[in-house]
Protein chains: 2
Amino acid sequence: MKLSEKKRLAILDAAEALFYKSGVEHTSMDQIAAQAGASKRTVYNHFATKDELFHAILARMLANINNDEVISFDQNTAIEQQLTAIAEQEVRLLTSANFLRIAKIAFMQMLLQPELAQSLANNSMGCMRYLEPFLQDANSAGVLDIDEVDVAAKQFVYQLKSFVFYPLLYGFESAKHQQPELVIKQTVALFLARYKAA
Amino acid sequence: MKLSEKKRLAILDAAEALFYKSGVEHTSMDQIAAQAGASKRTVYNHFATKDELFHAILARMLANINNDEVISFDQNTAIEQQLTAIAEQEVRLLTSANFLRIAKIAFMQMLLQPELAQSLANNSMGCMRYLEPFLQDANSAGVLDIDEVDVAAKQFVYQLKSFVFYPLLYGFESAKHQQPELVIKQTVALFLARYKAA
DNA sequence: GAAAAACTACACTCAATAGTTTACTTTACG
DNA sequence: CGTAAAGTAAACTATTGAGTGTAGTTTTTC
């Protein structure tokens with residue numbers, strides 16, 4: 001790899017780590033340069049402004065996230081098992097260091113810049129990419145009985161986010177770990193109690 | 001009211017509004033003084049540092065929140081109706097301008113200062129003050145059938161927060177209003193499907 | 001191996017902002 | 001009314017941090 005590329009990556013890595021630790025506002029370009037092992041001038045040669053650097057990080061992180069396999073409804077597998085698989089995948093995403101890092105950085109900025117929230121909200125992630133079609137198919141197959149598929153999908157995902165993601169994001173319960181398996185079990189149970197076809 | 005008290009309130013009001021709009025970091029003490037109609041020196045006579053002012057605001061807001069009536073389980077009223085009442089009260093809290101203001105200010109800081117998150121997390125608010133005993137009583141009366149009351153209480157409240165609070169907090173869906181009645185109906189329905197005693 | 005591109009150290013400008021000092025005016029109150 | 005408490009305006013200090021300019025060194029590329 002060329003030196004120029006190595007520096008660029010080092011700068012992105014350094015900025016990401018510092019933004020995560022201290023927030024964008026509390027991180028100076030001098031700190032970033034120092035942590036990256038680059039001169040400040042080099043930082044500015046790669047990224048004209050701090051804001052440009054911030055958006056480059058956001059873009060890189062978003063690109064690294066959506067890699068999970070799409071799960072489609074399968075007539076021949078128990079619905080409980082399929083929903084559990086989806087939940088497991090989602091919990092893995094929501095609790096990954098990668099995702100938490102981007103989330104914390106992004107959420108901080110979103111509270112300050114509503115327009116950023118808008119643009120990120122449209123970017124649907126994780127199982128929200130495919131959950132509605134999945135539920136629709138299960139509906140058609142007579143396995144589930146859902147009136148409003150969009151609401152049901154949100155109910156499912158929001159349970160997971162509320163139990164595993166937000167507590168980690170905000171640092172509630174730093175010591176007491178939520179048992180992911182328990183959360184998944186409870187979420188699937190709640191969902192099926194409501195929507196499993198009679 | 002004495003001038004001194006009036007100034008103190010004006011400063012708190014101004015700081016609250018500005019912290020809400022721009023975040024604590026992006027609000028200067030000069031701005032606060034100007035908006036409060038006070039001299040900067042007066043601001044510093046009331047609050048020695050910006051941080052002290054921030055905590056004074058937090059304290060005032062917290063004091064203004066927990067005022068809602070506690071709802072206790074009533075043997076003679078349908079459980080659906082009682083849960084709906086609780087949900088309505090909670091949604092009113094979660095969508096009130098007051099609560100959203102403190103939440104936005106506090107959440108921003110929480111992302112930066114995990115220890116603040118710890119101290120605020122303990123401060124349980126809204127219906128979380130009384131929901132677990134309520135469910136326990138309903139359990140004992142044979143109206144509900146819940147294994148883990150703490151999990152169930154969270155499931156209930158998290159639904160409401162996810163649908164009405166977080167979207168407003170982060171400015172997702174600024175235009176498209178979530179219908180609060182619909183959210184309440186769906187939440188109660190989901191909960192009772194799972195936990196209503198046979 | 002030489003020209004071009006990229007990196008470095010470091011001094012610099014410029015603006016913002018927390019908090020202070022001072023000299024003076026207004027308000028509260030016995 | 002007179003004194004003490006509180007408020008005011010405005011200049012001031014000191015620091016921080018974004019971004020630039022420069023002169024010289026290293027890396028890439030042809």
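Naming convention: chains lettered A, B, ... in sequence-line order (proteins, then strands); numbering from 1 in each chain. Below, each value reflects all heavy atoms present in this structure, side chains not excepted, and no hydrogens, waters or symmetry copies.
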Open item on the list: Using ring centroids (six-membered ring only for Trp), state whether B:Tyr158 and A:Phe163 fall under 6.0 Å.
Closed with: yes
TODO: Give a yes or no on whether a salt bridge exists between B:Lys40 and B:Asp30, defined as a side-chain N under 4.0 angstrom from a carboxylate O.
DONE: yes
Task: Interatomic distance, A:Lys7 NZ vs D:dT26 P [rounded to whole Å] - done: 13 Å
Counting only pairs under 3.5 Å, give me each side-chain donor-acceptor contact of residues 72-80 of chain A, with atom names and distances, residues two or more places apart or in other chains.
{"residue": "A:Asp74", "atom": "OD1", "partner": "A:Asn76", "partner atom": "N", "Å": "2.9"}
{"residue": "A:Asp74", "atom": "OD2", "partner": "A:Thr77", "partner atom": "OG1", "Å": "2.7"}

- [ ] For nucleotides 14-26 of chain C, just jot down a letter per nucleotide in 5' to 3' order: B, S or -, based on protein non-hydrogen atoms under 4.0 Å.
- [x] ---SBBBB-----
TODO: Under the side chain to side chain contact (heavy atoms under 4.5 Å, CB included) rule, collect the residues that match up with A:Glu5, sequence neighbours excluded.
DONE: A:Met1, A:Lys2
- [ ] Could you identify which residues of residues 10-17 of chain B place a heavy atom less than 4.0 Å from some atom of DNA chain C, listed by residue number, or say none?
- [x] none
Open item on the list: Assess the residue pair A:Tyr166 and B:Tyr166 against the criterion (ring-ring contact (aromatic ring centres under 6.0 Å, His included)); give the C-alpha distance rounded to whole Å, side-chain angles, the decisive distance to 0.1 Å, and a yes or no.
Closed with: CA-CA 10 Å; A:Tyr166 287 118; B:Tyr166 288 118; 4.0 Å; yes
Give every donor-acceptor pair under 3.5 Å between a side-chain atom in residues 182-193 of chain A and any protein atom, sequence neighbours left out.
{"residue": "A:Gln186", "atom": "OE1", "partner": "B:Arg194", "partner atom": "NH1", "Å": "2.9"}
{"residue": "A:Gln186", "atom": "NE2", "partner": "B:Glu148", "partner atom": "OE1", "Å": "2.8"}
{"residue": "A:Thr187", "atom": "OG1", "partner": "A:Val183", "partner atom": "O", "Å": "2.8"}

For nucleotides 28-30 of chain D, give me every protein contact, N/O to N/O, under 3.5 Å, one pair per line with atom names.
{"residue": "D:dT28", "atom": "OP1", "partner": "A:Leu3", "partner atom": "N", "Å": "3.3"}
{"residue": "D:dT29", "atom": "OP1", "partner": "A:Lys2", "partner atom": "NZ", "Å": "3.0"}

Open item on the list: Test of understanding: with ring pair (Phe, Tyr, Trp, His ring centres under 6.0 Å), list the residues that count as partners of A:Tyr130, not counting sequence neighbours.
Closed with: none
Output a table of nitrogen or oxygen pairs between the protein and nucleotides 3-5 of chain C separated by less than 3.5 Å.
none

Task: Which residues share a ring pair (Phe, Tyr, Trp, His ring centres under 6.0 Å) with B:Phe47, sequence neighbours left out - done: none
TODO: Output yes when at least one side-chain N/O atom of A:Thr42 is less than 4.0 Å from OP1 or OP2 of C:dA6, else no.
DONE: no
Check residues 94-106 of chain A and write down every donor-acceptor pair under 3.5 Å in which the side-chain atom is one partner and the other belongs to a residue at least two apart or another chain.
{"residue": "A:Thr95", "atom": "OG1", "partner": "A:Val91", "partner atom": "O", "Å": "2.8"}
{"residue": "A:Ser96", "atom": "OG", "partner": "A:Leu93", "partner atom": "O", "Å": "2.9"}
{"residue": "A:Ser96", "atom": "OG", "partner": "A:Phe99", "partner atom": "N", "Å": "3.2"}
{"residue": "A:Arg101", "atom": "NE", "partner": "A:Glu16", "partner atom": "OE2", "Å": "2.9"}
{"residue": "A:Arg101", "atom": "NH2", "partner": "A:Glu16", "partner atom": "OE2", "Å": "3.4"}
{"residue": "A:Lys104", "atom": "NZ", "partner": "A:Tyr20", "partner atom": "O", "Å": "3.3"}

TODO: Let me know the distance between CD of A:Glu5 and C1' of C:dC7, rounded to the nearest Å.
DONE: 15 Å
Task: Listed partners of B:Thr49 passing side chain to side chain contact (heavy atoms under 4.5 Å, CB included), at least two apart - done: B:Asp51, B:Glu52
Open item on the list: For C:dC7 and A:His46 - does any side-chain N or O of the residue sit under 4.0 Å from the phosphate oxygens OP1/OP2?
Closed with: yes
Open item on the list: For B:Met108 and B:Phe19: C-alpha separation, side-chain torsions, deciding distance, then whether side chain to side chain contact (heavy atoms under 4.5 Å, CB included) applies.
Closed with: CA-CA 10 Å; B:Met108 274 192 274; B:Phe19 284 172; over 6 Å; no
Open item on the list: Suppose we screen for side chain to side chain contact (heavy atoms under 4.5 Å, CB included). Which residues come up paired with A:Asp13, at least two apart in sequence or across chains?
Closed with: A:Arg60
TODO: Please test A:Tyr195 against A:Gln155 for side chain to side chain contact (heavy atoms under 4.5 Å, CB included), starting from the C-alpha separation and ending with a verdict.
DONE: CA-CA 11 Å; A:Tyr195 294 118; A:Gln155 286 179 322; 2.6 Å; yes
